[in-house]
Structures are given as C-alpha cells and as structure tokens.
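A quick write-up on the structure given underneath.
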Amino acid sequence: MHDRSRVPTLSLTRIVLTDGRSVDLTELRLTPTYGDLPHGYPCRPANDLRIQALLHTAARLSPTVPVHLIPPPREYPDQYAGAFGPVETLPRVACVGHFSSTPLTPARDPITYRSGLTVIWFQPTTRVPDPYDTDPALRDVDWPTLALDYELQNPSSQP
C-alpha cells in the first residue's frame, strides 16, 4: 500500500483548502502589478484595467476551466491625488495559477478526469504558495462551487 503523502506530485505545490480538499498548482504565471501604468500612477481606474486584463488573459490561457478572482486588498497611501483620483495600490505581484484536483463527480474515473480552476490573486512577493503557509484567501476558495470537471486529453489520439 502506498502512502499518498509520500508520492511526489508533478506540480509546483500542493495546497490543502479549508474544506480539506488537496489541490495541485500545475501552472503559475507571475507578473508585476505595475509594469505598465496607463494613467501614470496607481489608482482605481488603472487597477481595474489591470484586473480586467488578467481575467481576459486567464480565460484565454485556460479555456476548459472557470476563472476565479480573489479580490485584492487595496491600500490608500497618504499621497497627493492625481487627475484619476486618489492613489490606490495593490500588492506588487499579480498571480495567475491553474489548480487541479480529483474530480468533483465521484462517479468519474480519477485517472481520466480532474477538476480544475484558474485563480487570480495578488501577493507582495514572487514566492510560490507554500503548502503550510498559504494566504487564507487562497485556502478558502470554494472548490465545489467554482471548479469544473474536465477530461484529460490522450496525446496519442490527437492529430
């Protein structure tokens, strides 16, 4: 009999969600939140445009699974407001991660089916989420409601 916790995963990390489900981070894209500011300084319109661009990119990259945004914390430093309103900052790293887990439907074969969800979140560093010290908002993702089952593709059957 195999001890599942000792079986190496083919993922960047494994996180245990608040509900007890283990999910594997299989792909992660990190980008600076403020690499290109359309309004010259961090403000609500610029932040909203950045979030919309991330949602669009994530949907294009993962068309078979839903995309979920964890609302980022917004800070308002005491700085002079510009033409587009007060300064509003988000954490400096935007993350788009594809997570997978066992199928949501118990009748599905776990060898050929997985459940998946692409999650967008913001964090202050470029660290890969740690299985033991992950942001609570990431651990609180409602997997049964947000994720979707998908069938793994057989590479030998593709043209």
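Count residues from 1 along the sequence.
Rounded to the nearest 0.5 Å, atoms NE2 (His98) and OG (Ser11) are 11.0 Å apart. Atoms CZ and CD, from Arg92 and Gln123 in turn, are 10.0 Å apart once rounded to the nearest 0.5 Å. Within the model, atoms CZ of Phe99 and CG of Leu12 stand 9.0 Å from one another, a figure rounded to the nearest 0.5 Å. Atom CG of Leu90 is separated from atom OG1 of Thr33 by 6.0 Å, given to the nearest 0.5 angstrom. Rounding to the nearest 0.5 Å gives a distance of 8.5 Å between CG of Leu69 and CG of Leu54. Rounded to the nearest 0.5 angstrom, Thr145 OG1 and Leu117 CG are separated by 10.5 Å.
Under the 4.5 Å side-chain heavy-atom criterion for Ile, Leu, Val, Met, Phe, Trp and Tyr, Val93 and Val128 are members of the same hydrophobic cluster. Both Val65 and Leu152 are assigned to one and the same hydrophobic cluster, defined by single-linkage of ILVMFWY side chains at heavy-atom distances under 4.5 Å. Cluster membership for Tyr113 and Leu146, using ILVMFWY side-chain heavy atoms within less than 4.5 angstrom, is not shared.
Gly97 and Leu25 get closest at one heavy-atom pair: CA-CD1, 3.8 Å. The two residues Pro144 and Asp19 come nearest to each other via the heavy atoms CD-OD2, 3.7 Å. What you find for Phe84 and Pro45 is that their closest heavy atoms are O-CD, 3.7 Å. Between Pro91 and Pro124, the closest heavy-atom pair is CB-N, 4.0 Å. Minimum interatomic distance between Glu88 and Tyr34 (heavy atoms only, all atoms of both residues): O-OH, 3.5 Å. Residues Pro103 and Asp109 share a closest heavy-atom pair of CG-O, 4.3 Å.
Using modelled atom types and a 3.5 Å distance limit, the side chains of Arg44 and Tyr76 yield a donor-acceptor pair. Ser101 and Trp143 are not linked by any side-chain donor-acceptor pair at a separation below 3.5 angstrom, with hydrogens and angles left out of the test. Donor-acceptor pairing under 3.5 Å is recorded for the side chains of Thr18 and Asp140.
A donor-acceptor pair is defined here as one N or O able to donate and one able to accept, closer than 3.5 Å; no such pair exists between the side chain of Asp24 and the backbone of Thr26. The backbone N or O of Thr102 sits less than 3.5 Å from a side-chain atom of Ser115, completing a donor-acceptor pair.
With sequence neighbours excluded, the residues forming a salt bridge (Lys or Arg N to Asp or Glu O under 4.0 Å) with Asp48 are Arg74, listed by chain and number.
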Steps toward side chain to side chain contact (heavy atoms under 4.5 Å, CB included) verdict (Arg21, Leu104) = CA-CA 10 Å; Arg21 176 182 282 272; Leu104 293 166; 3.7 Å; yes
Trp121 and Val141: side chain to side chain contact (heavy atoms under 4.5 Å, CB included), yes or no, with the steps?
-> CA-CA 11 Å; Trp121 74 97; Val141 166; over 6 Å; no
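Between Cys95 and Leu28, the closest side-chain pair of non-hydrogen atoms falls below 4.5 Å.
Residue Arg29 places its CZ atom among 12 or fewer non-hydrogen atoms of other residues, nucleotides or ligands, all under 6.0 Å distant.
Within the structure, the side chain to side chain donor-acceptor pair (under 3.5 Å) test picks out the following pairs touching residues 52-72 (sequence neighbours left out): Ser62-Thr118.
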